[in-house]
Amino acid sequence: MKVVLPNDTELELPDGASGLDAARAIGPKLAEQAVLMRANGETRDLRLPLVDGERIQILTTRDTADPDALYVLRHSAAHLLAEAVRRLYPGVKVAIGPPIENGFYYDFDFPKPISDGDLEAIEAEILREIAEGREWTREEVSRDAASARFAAEGEPYKVELVDTAAGDISLYTQGDFTDLCRGPHLQNAAPIKAIKLTSLAGAYWRGDEKNAQLTRIYGTAFYSQADLDGYLERQELAKARDHRKLGPQLDLFHLSEESPGSPFWHPKGMVVWNELEDLRRRENRARGYDEVKTPLIYDVEVYKTSGHFENYREDMFFIPGDERSYALKPMNCPGHMLLFGSQLRSYRDLPLRYAESSTLHRDERAGVLHGLLRVRHLTQDDAHIFCTPEQIEDEIFGCLDFAATLYELFGMEARFELSTRPDKKLGTDAEWDFTENALRSALQRRGIEHVVNEGDGAFYGPKIDLHMTDVLGRSWQMGTIQLDSQMPKKFGLTFMGADNAEHTPYVVHRALLGSLERFIGIAIEHYGGAFPFWLAPVQVRLIPVAEPHRAAANALRARITAAGFRADIDERDDTLGKRIRDAEVEKVPYTIVYGDRESDESLAVRERGGGQSTKSVDELLTEFAALVAKV
RNA sequence: GCCGGAGUAGCUCAGCUGGUAGAGCACCGCUCUUGUAAAGCGGGGGUCAGGGGUUCGAGUCCCCUCUCCGGCUCCA
């Protein structure tokens with residue numbers, strides 16, 4: 001048999017040869033350094049046989065940044081962790097331990113709880129294993145044999161995994177530890193040059209909170225100490241961009257125990273907020289939306305009609321009354337349904353687009369709040385579009401175009417995800433074919449790449465979600481575009497068709513920025529606090545050199561303000577250097593020093609980061625106008 | 001809600017085995033009157049998250065509650 005190498009040459013090998021055999025045939029050094037192979041684009045354990053004619057690539061310890069090479073390294077590191085834990089904690093049960101982005105974890109059922117302090121000893125044990133040397137061997141066994149083996153070892157989680165596993169069963173052994181595992185794995189532990197256990201967490205068996213909670217140990221591993229150091233350093237730098245740190249530092253908002261999950265917005269934060277509101281309002285108007293305002297509290301009966309009381313009452317805030325009970329709205333849908341239903345509607349009125357940026361309250365479970373990214377008091381840039389089936393695709397397209405335009409403006413790359421019919425769905429497959437296709441073709445029409453989450457749709461319809469990643473790599477849902485055929489029925493909404501008969505409208509629920517709180521949180525991290533000119537709370541900082549220059553600086557400030565820009569003045573009795581430093585720390589886009597040498601015809605302009613130039617006021621205002629015109 | 005960790009001045013943090021709270025920055029005052037990333041001196045400021053307990057004595061030990069952090073679960 002033969003295989004094709006990356007440089008297009010062919011390699012002759014005996015039948016049944018493995019990836020490792022191929023590496024040996026090429027060179028002993030390669031065989032020694034080999035960690036993994038890629039065959040036809042898929043990764044495969046080196047121990048597995050090659051297929052005649054396939055194209056292969058051998059990854060080695062020098063592919064230190066290759067995601068697949070890191071995966072196999074970390075997967076093997078997870079097995080070393082399990083081996084160490086079993087030795088240090090007799091009676092522990094092992095569950096599952098995969099590589100993940102930036103590291104790996106392993107879940108254990110400890111006889112007695114462990115804490116952070118124990119990680120050091122476990123890490124030392126792993127290092128000892130590596131120093132001692134570990135080689136992985138792979139064997140393929142029958143399901144029954146594997147099941148019997150793990151049962152005999154008293155490993156119930158492994159037995160369950162064997163019993164529910166798809167395909168053949170393979171085992172990997174290193175030291176005195178044998179694990180159920182599909183692989184691939186390293187040949188031996190030598191390539192693991194740096195390993196660190198990072199944290200401890202609870203995790204439910206098989207991700208179900210009805211199951212036992214296991215103890216998850218997180219760690220990471222690299223092909224070199226320098227890579228690990230670099231990673232830890234990047235994590236530290238990322239923390240400095242965390243909106244929870246930058247927000248209060250830049251005086252944008254703060255959070256307080258007095259009202260957990262409800263931000264206090266400071267004047268500077270409100271500038272950003274209002275710029276987003278202006279943007280939303282302007283674009284909505286241009287795209288044919290009508291702005292509305294609906295109540296914050298409703299009779300509980302309304303939520304019984306909508307179904308929210310039944311499904312989400314745990315997360316709602318209630319206001320008990322003597323005669324009627326009210327609830328704070330957790331979303332705008334019912335209000336907009338009631339508004340639509342308040343008058344007789346004609347097909348000529350459709351599509352009807354109600355937009356509302358409203359405050360919502362959700363009583364989020366303790367433990368899920370997270371800065372601005374998960375709050376109890378949130379504000380969605382919401383809208384509901386009432387339309388006919390024929391109008392769905394155009395309306396979805398309009399929403400996608402709107403969303404894409406917004407994210408492009410911020411230079412953010414959101415991931416679009418299409419979620420399709422769930423098992424528990426309302427309506428027929430024919431209806432779902434129709435609605436899913438409408439969403440899919442709208443995505444294609446706008447040229448948006450997307451991933452599909454089969455079965456993740458809402459019970460009432462398919463949806464498109466936009467996701468962003470925060471500075472520490474956590475994914476958050478931003479915008480959402482949902483198609484709904486059920487809520488209008490629940491509220492008995494109809495419109496009069498051209499056929500003089502009543503029809504039920506479809507509704508598109510859509511929030512594009514998502515929640516303003518979350519969007520601003522992500523934006524703070526995205527820009528590292530250095531907002532573009534149009535969003536910056538303070539656009540220009542004026543610094544009079546000494547007392548005699550204050551009058552001229554104030555006059556200049558008045559001129560800039562009158563032109564519609566946000567300027568402030570730093571008249572503190574501090575040195576010039578100090579005040580410039582503060583302007584930089586506050587990430588003000590423009591700083592103007594005003595002293596004896598300056599006049600309105602000749603200003604000393606410093607841009608954020610340090611660039612200096614001389615400009616007249618008119619030139620400066622023209623420059624500013626150009627900056628905001630792009631928005 | 002669950003697992004683990006944390007909470008000391010506005011911020012960042014120190015405070016060893018229990019013995020009546022400390023630094024830098026910030027703030028205020030004075031001096032200096034400034035040229036592109038931190039002038040000098042002085043001063044005010046803390047119910048050590050809250051509550052209960054152990055003790056002659058608790059920031060420090062124990063219990064409960066709240067909040068935050070890392071995860072899990074959830075997210076209409």
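Nothing here was measured: the structure is a model prediction, and the numbers come from that model. So that the names make sense, note that chain A is the first sequence line, chain B the second, and so on, each numbered from 1.
For the pair Arg365(A) and rC75(B), the criterion of a side-chain N or O lying under 4.0 Å from OP1 or OP2 is not met. Dashed line: the shortest gap from a side-chain N or O of Arg572(A) to OP1 or OP2 of rC27(B) is under 4.0 Å.
Listed nucleotides: rG1(B), rU33(B), rA76(B). Nearest to the side chain of Ala546(A): rU33(B). Minimum atom distance to the side chain of Pro260(A) is reached by rU67(B), of the listed rU73(B), rC3(B), rU67(B).
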Wobble G-U and Watson-Crick pairs count when both distances are under 3.5 Å; given that, what is the 5' to 3' dot-bracket string of RNA chain B, with | for pairing to other strands?
(((((((..((((.....[..)))).(((((.......))))).....(((((..]....))))))))))))....

Quick test: give all pairs of protein nitrogen or oxygen and nucleotides 8-17 of chain B nitrogen or oxygen below 3.5 Å, distance rounded to 0.1 Å.
none

Would you list the protein and nucleotides 35-39 of chain B atom pairs, both N or O, that sit under 3.5 Å from each other?
unit_1	atom_1	unit_2	atom_2	d
rG35(B)	O2'	Arg597(A)	NH2	3.4
rG35(B)	O6	Asp596(A)	N	2.7
rG35(B)	O6	Arg597(A)	N	3.4
rG35(B)	N1	Glu598(A)	OE1	2.9
rG35(B)	N1	Glu598(A)	OE2	3.4
rG35(B)	N2	Glu598(A)	OE1	3.2
rG35(B)	N2	Glu598(A)	OE2	2.3
rU36(B)	O3'	Arg606(A)	NH1	3.4
rU36(B)	O2'	Arg606(A)	NH1	2.9
rU36(B)	O2'	Gln612(A)	NE2	2.6
rA37(B)	N7	Arg606(A)	NH2	3.2
rA37(B)	N6	Glu584(A)	OE1	3.4
rA38(B)	N7	Arg581(A)	NH1	3.4
rA38(B)	N6	Arg581(A)	NH2	2.8
rA38(B)	N1	Arg581(A)	NH2	3.2
rA39(B)	OP1	Thr575(A)	OG1	3.2
rA39(B)	OP2	Thr575(A)	OG1	2.5

Atom pairs, protein N/O to nucleotides 60-63 of chain B N/O, distance under 3.5 Å:
none

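Between His308(A) and Tyr312(A), the ring-plane angle classifies as tilted under the 30° and 60° cut-offs.
Near-neighbour residues of RNA chain B inside residues 88-126 of chain A, defined by a heavy atom below 4.0 Å, number-ordered: Pro113(A), Ile114(A), Ser115(A), Asp116(A). Within residues 453-480 of chain A, the residues that place at least one heavy atom under 4.0 Å from RNA chain B are, in residue-number order, Tyr460(A), Arg474(A).
Contact of Tyr204(A) with rG1(B) (side chain to base): a donor-acceptor pair of N or O atoms is detected under 3.5 Å. With hydrogens and angles left out, the side chain of Arg518(A) and the base of rC75(B) share no donor-acceptor pair within 3.5 Å.
If you check every strand for non-hydrogen atoms under 4.0 Å, Leu369(A) touches sugar and phosphate atoms only.
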Asp568(A) vs Arg566(A), test: salt bridge (Lys or Arg N to Asp or Glu O under 4.0 Å). Steps then yes/no.
CA-CA 7 Å; Asp568(A) 69 6; Arg566(A) 298 181 288 270; over 6 Å; no

